[in-house]
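Every chain is numbered from 1 and lettered A, B, ... according to where its sequence line falls, protein lines coming before strand lines. As the structure is a computational prediction, the values presented were derived from the model and not from experiment.
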Amino acid sequence: MRPGDDGVKSGRASSSSQAPALRSVLIANRGEIAVRIARACAELGIRSVAVASDADLGACHTRYADEVVPIGGSTARDSYLRAEVILDAARSAGCDAIHPGYGFLSQNADFADAVEAAGLLFVGPPGAAMRVMGDKTSARSAMEAAGVPVVPGYQGTGDEEADALRSEAKRVGFPLLVKAAAGGGGRGMRIVREPREFDAAVDGARREALAAFGDGRLFMERFVENAHHVEIQVLADGHGNTIHLRERECSVQRRYQKVIEESPSPLVDDELRERMGMAAVRAAEACGYRNAGTVEFLLSEDGSFYFLEMNTRLQVEHPVTELVTGIDIVAEQLRIAAGGRLSLRQEDVRGHGHAIECRVNAEDPQSDFAPSTGPIRLASYPRGPGVRVDQGVETGDAVSIHYDSMIAKVLVHAHDRPSAIARMQRALDQTAVLGVRNNVTFMKDVLAHPEFVAGRATTTFIDDFMAGWRGPDEVPDVVLIAAALQLRATGGADNPAPAVGAGRSDPYSPWDRGDGYRIGGGA
Amino acid sequence: MRSEFRWGDQEERVELQAISGDNAAPGKIRAVLREDGRDWEVTQCGDGQWILQLEGHRARARVVQDGDAIWVHVDGLGDFRLEHGRRPSSRRRSSAAGDAGLCAAMTSQVVQVFVSVGDEVQVGDPLVALEAMKMESRIAAPFAGTVASVHCKAGEVVDAGVPLIKLEPSADEDAADR
């Protein structure tokens, strides 16, 4: 029993609007999102249980949970993707719900069903809604029936060989995208500009999808050029209420993975927001959606938009929406999962100011964003008014080859877009991640680019305007001087301090010490 | 005190001359680099944090040492990885892809090896599929030739810079060069 439970209950008129009766939530994820969910649990008085692969024992996310269950393995497939192992962990830790985060098992409908079948609550949509949205054919017909425009494409069983897909590809037309049916975050996705690239793209996408999601099904979609990626956050409870929390602009992407997100979109006015928001609500209602989800659209500059897909989970960039609306999306998720009603109605959702998120990744922007791995010697994040950091890596942690390259999300909130950009520049100025290559300086240059500043960045912005980006040509003087000062202060790497007990046969033996040392003594 | 650093291909030398203070709390120092000497006001604030001031401009730096690697962050300038000392002659870096072999750019897992010793390959033919952090990449043949040796197998984790495949350029390729 948590302190204050009784007071909360007696203070509310309707028991159905109660805060969740959840006592303990297993977080089936790692990194920053596991930290984020643990934070929400702590605020709601819910016990959080983390899981950790062998590679993640002691990792950042395990330090923020109330309990940790080791699940073995190192690759995603051997650890966070093992549904049975995760379920066992939840049962053994006495959890009453599982929050899947994003990636891993979050969009696995069978897992969602298995969680419910085990008598636990799944903090996400029903398996049936995931299946509608995960299968392009049914998603497409559901969207058309709901009056939501869709991008031309092809979705068969998803398991077709390259030969079978190739003839469909001609119908779809080039350039096209081969995408993982279970995908998200750009993994298992390839752009194909010419037919001869097709087979290799299908192979690569399928293998990547299998590794990342345990599901190799693929579909194809016409590649819409010069489009903005604009998505609508939705929330739906189990009592027939579905609302949207406005849009996020996520056009700045590399390798089809978002880098910088913001809200509101520079392209969306109140009228368009209303139309896109209502389309997203219809999309959610059409598939029987419950919990938090995101409906992604391609938006062209003339204001026409196409349904891209629905992400049936919490998204990386959800804090952007939290900052502009003041709504704690993870708390709403937990409330909904426990059978509660949404804490607000559509007319209560207001946007305030402008929010931007920058994803700090361990990667080298000068080498096609190749991921960079290694121990983090220093992770120092910005603070101050209007700054939020959701971090998954701290000083002393490591970025390993097994998982994605995200280190932290740096977010800012300010009264308008120019001041949000200025605030983000300041925040990134004060972001230090020492030990791996990172994209901080690259993102600062994106934020300063005239196209971005003008709000004109489309999904090809990085390819069009940032290709061949280089960092500084030379090391600034102050960097060299700081390094030299540090070397001097520590005696320098070339002049190590004399080893302890040098000259003795066993430097660690206490028996030949002459300094009055006593075992257990306080000397 | 003189220190030498490398940053990528560049070599830099810094000479520090204390004007006041000591090593731990230098106060005012003269720093000579690129044949230019300037007087800096320096304060150390905690472990590895420095405030450097020159003619009214202040900079906050964070420095961590990791063996010969020295990582420096300066607010507004970004993160830098320097190496302490001169370029070691012992560490031979692969130059031409041909004789040194084809390497992974970073620590990766080998997903698939497409070729075996003796195979003839054309420019652009895939040789090895690698995966790291859920992203797949491929090493393709940079020139037409014959596979001379294969140093990896599927499932293995390989380090950056370690040769995975060696290719012998074909006679045609040599002729084309001329």
Side-chain angles (χ1 to χ4, degrees), chain A residues 75-76 103 185 187 200 203-204 207-208 211-212 255 362-364 367-373 375 377-378 380 399-405 425 429-435 437-438 440-441 444 471-472 474-494, chain B residues 1-3 5 7 10 12 14-16 23-24 26 29 31 33-34 36 38 40 42 44 48 50 52 54 59-82 84-85 105-109 111-112 126 129 131-138 157:
Chain A
T75 64
R187 287 191 290 273
D203 283 357
R207 197 168 17 244
E208 212 170 273
R255 293 174 159 187
E363 64 187 18
D364 185 357
S367 304
D368 199 22
F369 303 98
S372 176
T373 59
R377 303 295 174 181
L378 177 75
S380 178
V399 178
S400 87
I401 67 162
H402 300 296
Y403 314 110
D404 70 33
S405 59
Q425 289 282 12
D429 278 351
Q430 297 172 357
T431 301
V433 180
L434 303 182
R437 307 269 170 202
N438 66 63
V440 170
T441 302
K444 282 176 53 66
E474 62 173 27
V475 199
D477 290 0
V478 67
V479 170
L480 293 166
I481 295 167
L485 283 164
Q486 181 72 17
L487 276 181
R488 197 172 75 148
T490 59
D494 289 341
Chain B
M1 189 190 116
R2 179 183 293 176
S3 309
F5 300 104
W7 184 66
Q10 297 173 23
E12 302 283 356
V14 183
E15 173 121 20
L16 297 182
N23 282 359
I29 56 144
L33 66 164
R34 297 168 189 144
D36 187 19
R38 284 160 191 266
W40 294 72
V42 174
Q44 184 172 21
W50 298 85
L52 297 98
L54 177 72
R60 186 178 74 119
R62 311 288 304 267
V63 188
V64 287
Q65 258 176 281
D66 177 16
D68 276 347
I70 299 175
W71 294 84
V72 182
H73 164 88
V74 176
D75 282 355
L77 297 180
D79 299 338
F80 295 82
R81 181 185 192 277
L82 306 175
H84 179 219
M106 59 174 299
T107 306
S108 311
Q109 186 156 31
V111 176
Q112 199 178 347
E131 188 183 293
M133 301 161 103
K134 300 183 189 169
M135 298 298 292
E136 196 186 283
S137 61
R138 285 177 179 215
V157 174

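- Contact annotation: the side chain of A/Ser380 approaches that of B/Arg62 to within less than 4.5 Å [non-hydrogen atoms, C-beta and beyond].
- Note that the CG atom of B/Leu33 and the CG atom of A/Asp477 stand 4.5 Å from one another [nearest 0.5 Å].
- Counting heavy-atom pairs under 4.5 Å between each of B/Gly76, B/Ser137, B/Ser3, B/Gly78 and chain A puts B/Gly76 at the top.
- A/Asp203 has its side chain out of reach of B/Gln112: every pair of non-hydrogen atoms, C-beta onward, lies at least 4.5 Å apart.
- Atom-to-atom distance recorded for B/Trp7:CH2 and A/Leu480:CG is 9.5 Å, nearest 0.5 angstrom.
- Taking each heavy atom of A/Ala489 and B/Gln44 in turn, the nearest pair found is CB-OE1, 4.3 Å.
- The shortest distance between side-chain heavy atoms of A/His402 and B/Gln109 does not fall below 4.5 Å.
- Of the two parts of B/Glu15, neither the backbone nor the side chain holds a non-hydrogen atom closer than 4.5 Å to a non-hydrogen atom of chain A.
- For B/Asp75, the salt bridge (Lys or Arg N to Asp or Glu O under 4.0 Å) partners at least two apart in sequence or on another chain are B/Arg60.
- Heavy atoms of B/Arg38 lying under 4.5 Å from chain A are absent altogether.
- Looking only at side-chain heavy atoms (C-beta outward), B/Ile70 and A/Gln486 stay at 4.5 Å or farther from each other.
- Options B/Leu77, B/Asp36, B/Asp66, B/Val64 differ in how many heavy-atom pairs under 4.5 Å they form with chain A, and the most are formed by B/Asp66.
- With a 4.5 angstrom heavy-atom cutoff, B/Val14 touches chain A only via side-chain atoms.
- Highest contact tally toward chain B, considering only A/Gly435, A/Ala482, A/Pro472, is held by A/Gly435 [criterion: heavy-atom pairs under 4.5 Å].
- Taking chain A as the reference chain and counting heavy-atom pairs below 4.5 Å, the highest number among B/Thr107, B/Leu52, B/Asp79, B/Val63 is found for B/Asp79.
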Evaluate B/Phe5 against A/Leu487 for side chain to side chain contact (heavy atoms under 4.5 Å, CB included), listing each step before the verdict. CA-CA 11 Å; B/Phe5 300 104; A/Leu487 276 181; 3.6 Å; yes
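- Atoms CZ and CG, from B/Arg81 and A/Leu434 in turn, are 11.5 Å apart once rounded to the nearest 0.5 Å.
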Please evaluate residues B/Glu12 and A/Val479 with respect to the criterion side chain to side chain contact (heavy atoms under 4.5 Å, CB included), reporting the C-alpha separation (whole Å), side-chain torsions for both, the decisive distance (0.1 Å), and the verdict. CA-CA 11 Å; B/Glu12 302 283 356; A/Val479 170; over 6 Å; no
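- In this structure, the side chains of A/Arg488 and B/Ile29 come closer than 4.5 Å at one or more pairs of heavy atoms.
- Contact annotation for B/Arg2: neither backbone nor side-chain heavy atoms come within less than 4.5 Å of a heavy atom of chain A.
- Using a 4.5 Å cut-off between heavy atoms, A/Thr431 contacts chain B through its backbone alone, with no side-chain atom that close.
- Contact of A/Asp368 with chain B is not made at all, since no heavy-atom distance falls under 4.5 Å.
- If you measure heavy-atom distances from A/Gln425 to chain B, you find no contacts under 4.5 Å at all.
- Side-chain atoms of A/Leu485 and B/Trp40, non-hydrogen and from C-beta on, never get closer than 4.5 Å to each other.
- Proximity to chain B (any heavy atom under 4.5 Å) is shown, for A/Val440, by neither the backbone nor the side chain.
- Contact of A/Ser405 with chain B is made through backbone and side chain together, with heavy-atom distances under 4.5 Å.
- At a 4.5 Å heavy-atom cutoff, the contact between A/Val399 and chain B is made by side-chain atoms alone.
- In this structure, NE2 on B/His73 lies 10.0 Å from CG on A/Asn438, to the nearest 0.5 angstrom.
- Of the residues considered (A/Ala370, A/Gly204, A/Pro375), A/Gly204 shows the highest number of contacts with chain B, using heavy-atom pairs under 4.5 Å.
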